Amino acid sequence: MRLTAILSMAAKAAFPKDYRYGTSRPWTIAAKRLNPPGKKRRKVFIEPIAYEDWSVFKGDTVEILSGKDKGKQGKVAQVFRHRNWVILDGLNTHFRYIGKTADYRGTYIASEAPLLIRDISLVDPTDRKPTEVEWRFTEEGEKVRVSLRTGRIVPKPVFQRRDGIVPQQWKDGPKDTSPEDTLEKTYTPSLKTLEEEVMEKLGIEEPRRNRKTYWY
Amino acid sequence: MGVLNALLRGLVRGADRMAEFTSKRGSRTHYKGRGAQPTGVLTSSRKFVPVQAMIPQFVVPNLEGFKLKPYVSYRTPAGTEPAVTPEGLFSETVAPQIQKDFEEGSFDKDQLEKYGFEPTQEGKLFKLYPKNFIR
């Protein structure tokens with residue numbers, strides 16, 4: 001491909017400065033309806049929370065502090081860091097019809113609305129009451145969440161993969177390299193490039209040189 | 001209806017002018033390639049003569065006793081080796097040699113070629129800058 005074409009390719013998807021993030025992913029039709037190319041909406045103000053201070057993760061048990069389902073505890077299903085939102089499983093729901101066609105009224109389902117981080121509180125695993133949580137370091141140097149009321153550690157929820165694979169229970173297939181072979185250190189540092197080393201190994205001799213070319 | 005209105009506001013009714021003009025568009029007689037490198041020479045009698053040196057060949061070493069396979073097991077933990085940096089490469093390959101020569105007293109800063117210093121990339125098959133290999 002032309003070199004100048006490669007150099008001008010965008011590295012990653014760019015969003016405009018006043019892009020309004022919703023609950024749908026940016027490439028879906030619903031997100032495109034929310035952000036048509038010429039729109040100008042009132043800006044959404046979000047509380048700036050630093051990356052290191054983020055305390056709520058997917059799979060955590062949290063309690064709702066305000067709203068329709070105040071006082072109920074639920075598991076976090078999805079986290080939206082750009083809007084400080086959290087969606088809990090089956091809580092804070094409203095009802096809507098899905099899959100509506102011309103003649104079918106659609107299925108009536110309960111869909112969860114997002115909750116702000118302000119209206120959520122992490123639950124202490126020992127006494128199951130809402131607490132304030134702080135990030136502290138253990139003696140080993142691990143960063144953990146500590147509940148301020150009881151002083152106990154709130155463990156981070158185990159990350160479950162969407163494809164259901166549990167890495168520790170994985171059985172290697174015929175095309176899988178075993179962990180020992182992968183982690184074996186066989187690299188000997190040298191100043192030769194890979195191509196020069198392969199040529200040396202196979203005994204290929206190339207006395208010809210390329211003609212000088214120019215590109216603009 | 002709402003989506004259509006939004007599209008009308010964004011894209012003016014008509015074709016997408018900023019789309020890339022590939023060989024799939026244009027008339028039957030419009031000829032355009034996709035950037036493939038030529039593998040020969042077109043002579044004056046419009047005959048294509050393939051040049052063997054321009055056809056890429058795969059150089060594959062003998063894979064007897066090679067333990068690595070296409071995929072990596074999920075059980076593998078994250079590696080702990082630090083990434084290879086130019087400073088790291090220098091300190092592992094060249095620095096011990098220079099240290100030894102300096103202690104012996106035979107270090108000469110005008111004779112850096114023996115440690116692997118290349119003053120120009122002219123005359124090399126694989127130049128580092130401008131990089132003339134695809135990897």
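Scope of the values below: all heavy atoms of this structure, side chains included, with no hydrogens, waters or symmetry mates. Quick caveat, the model's predicted, so the values are computed rather than measured.
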Regarding Arg145(A) and Ser55(A), is there a side-chain donor-to-acceptor distance under 3.5 Å anywhere? no
Can you tell which part of Leu89(B) gets under 4.5 Å to a heavy atom of chain A, answering side chain, backbone, both or neither? side chain
Quick check, are the ring centers of Tyr214(A) and Tyr216(A) under 6.0 angstrom apart? no
Where does Lys124(B) contact chain A at under 4.5 Å (heavy atoms): side chain, backbone, both or neither? both
Could you check whether Tyr108(A) and Phe95(A) have their ring centres less than 6.0 Å apart? yes
For each of Thr193(A), Thr188(A), Leu194(A), tally heavy-atom pairs with chain B at distances under 4.5 Å, and name the one with the top tally. Leu194(A)
Leading residue by heavy atom contact count with chain B [cutoff under 4.5 Å; candidates Lys192(A), Gln169(A), Gln168(A), Glu195(A)]: Glu195(A)
Will you find, in the side chains of Tyr71(B) and Asp172(A), an N or O donor that is under 3.5 Å from an N or O acceptor? no
Is chain A contacted by the side chain of Phe117(B), its backbone, both, or neither, given a heavy-atom distance below 4.5 Å? neither
Under a 4.5 Å cutoff for heavy-atom pairs, which residue among Lys201(A), Lys185(A), Lys175(A) has the most contacts with chain B? Lys175(A)
Let's test your reading of the structure: which of Ile204(A), Thr213(A), Thr177(A) forms the most heavy-atom pairs below 4.5 Å with chain B? Thr177(A)
With a 4.5 angstrom heavy-atom cut-off, is it the side chain or the backbone of Glu184(A) that approaches chain B, or both, or neither? side chain
At a heavy-atom separation under 4.5 Å, does Pro207(A) approach chain B through its side chain, its backbone, both, or neither? neither
Checking heavy atoms, do the side chain of Thr93(B), its backbone, both or neither come under 4.5 Å from chain A? side chain
Structural part of Phe133(B) lying under 4.5 Å from a heavy atom of chain A: side chain
Between Thr131(A) and Asp124(A), do the side chains contain a donor N or O and an acceptor N or O under 3.5 Å apart? no
Checking Ala53(B) against chain A: side chain, backbone, both or neither under 4.5 Å from a heavy atom? side chain
Checking Pro130(B) against chain A: side chain, backbone, both or neither under 4.5 Å from a heavy atom? neither
Indicate, with yes or no, if the rings of Phe15(A) and His82(A) have centres closer together than 6.0 Å. no
Which bit of Asp181(A) comes within less than 4.5 Å of chain B, counting heavy atoms only: side chain, backbone, both or neither? both
Of Leu91(A), Leu88(A), Val123(A), the one forming a side chain to side chain contact (heavy atoms under 4.5 Å, CB included) with Val62(A) is Leu88(A)
Could you walk me through whether Arg152(A) and Thr126(A) pass the side-chain hydrogen bond (donor to acceptor under 3.5 Å, both in side chains) test, one step at a time? CA-CA 8 Å; Arg152(A) 295 205 185 84; Thr126(A) 44; 3.1 Å; yes
Can a cation-pi geometry be assigned to Lys32(B) and Phe21(B), taking NZ or CZ under 6.0 Å from the six-membered ring centre and within 45° of the ring axis? no
